[in-house]
Amino acid sequence: MIGGMFILFLVLLLLNVPIAFSLGASSLFYLLTSNMNAAVLAQKFYAGIDSFTLLCIPGFTFAGNLMNQGGISEKLLDFADALVGHITGGLAYANVLASMVFAGISGTALSDTVALGGVEIPMMVNQGYDVPFSVAITAASSCLGPIIPPSVPMIMAATMTGLSVSKMFMAGIVPGLLLGLGMCATCYILSVKRHYPKRNTPPKWSHIWHATKEAIWALIMVGIILFGIMGGIVTPTEASIICVVYGLSSTARWVPRRCTPA
């Protein structure tokens, strides 16, 4: 049975069937050809998703989408550019820094790429960066999403193995920061070698303060997630609901401002 399942999976892959459908079809083949009781199968399926902790996944995803709809992508990029835009290759560092902050909201690489890529890549290309480099650094920095908490893969792994979600979150902070610093170091070497541009005007405290005020709502949400969960104040599911309510209130503040006619 198991051999037939793997053979069917490989055949479907060779026929260019999407991996998700190949896995589903091969698993269904094994279930239908085995003597497993259908009632036990239904119970196993239900037991696999009957977890209070897993409820935080749609919560964090919804909160990240709310913040993105409120224009947080542009605000985070402006905040990062205000800090490091005056250094050679500043937009590349801003790309990584914005991804690190947004990773503390979304928890997935795909959300990071979708939310920030549409803003970062055109901005970098317009400033004189190569298209391959702009796309590469955006894709690479989005990988910080599953590492820096709240990480959806960490939540799923902790739920399935019985580990502590807060401890896994704590274990992901330092590797995420080191990975971000390593990306910045690579960006600096390539930027100097390829003579990528930088902002001519030196950083001004007024500009930094204004960018910080615009991005403060996202920074506060990251603080709620990190200190709330790892401090033992709230559970991951409770933190996700708090972030959804906070995201709704923050979006309500941003939307009227964005929709006001000039």
Looking at Pro122, is its backbone amide N or carbonyl O close enough to the side chain of Tyr129 to form a donor-acceptor pair, meaning the two atoms are under 3.5 Å apart?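 No, Tyr129 side chain to Pro122 backbone: no donor-acceptor pair under 3.5 Å.
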
Whether Ser142 side chain and Ala139 backbone form a donor-acceptor pair below 3.5 Å: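 Judged by distance alone, yes, a pair lies under 3.5 Å.
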
Would [X] end up clustered with [Y] when hydrophobic side chains under 4.5 Å apart are linked, directly or stepwise?
X      : Y      : answer
Leu83  : Tyr93  : yes
Leu181 : Met100 : no
Leu178 : Met168 : no
Ile148 : Leu179 : yes
Leu97  : Ile220 : yes

Which heavy atom of [X] sits nearest a heavy atom of [Y], and at what distance?
X      : Y      : result
Pro153 : Pro146 : CG-CB, 3.9 Å
Cys187 : Phe133 : SG-CZ, 4.2 Å
Ser141 : Ser99  : OG-OG, 3.0 Å
Gly180 : Val96  : O-CG1, 3.7 Å
Asn95  : Ser134 : ND2-O, 4.4 Å
Ala211 : Ala82  : CB-CB, 3.9 Å

So that I know where these two stand, are Phe29 and Phe9 an aromatic pair - ring centroids less than 6.0 Å apart? no

Can you spot which of Ile19, Val17, Leu23 makes a side chain to side chain contact (heavy atoms under 4.5 Å, CB included) with Phe21? Val17

Derivation and outcome, side-chain hydrogen bond (donor to acceptor under 3.5 Å, both in side chains), residues Thr235 and Thr237: CA-CA 5 Å; Thr235 64; Thr237 304; 4.8 Å; no

How long is the span from the [atom1] atom in [X] to the [atom2] atom in [Y], to the nearest 0.5 Å?
X      : Y      : atom1 : atom2 : answer
Met183 : Leu144 : CE    : CG    : 4.5 Å
Ser26  : Leu8   : OG    : CG    : 6.0 Å
Tyr196 : Gln127 : OH    : CD    : 13.5 Å
Thr88  : His195 : OG1   : NE2   : 10.0 Å
Ile137 : Glu120 : CD1   : CD    : 9.0 Å
Leu91  : Asn126 : CG    : CG    : 10.0 Å

Would you indicate whether the side-chain heavy atoms of Cys243 and Phe62 approach each other to under 4.5 Å?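 Counting from C-beta outward, Phe62 and Cys243 never come under 4.5 Å.
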
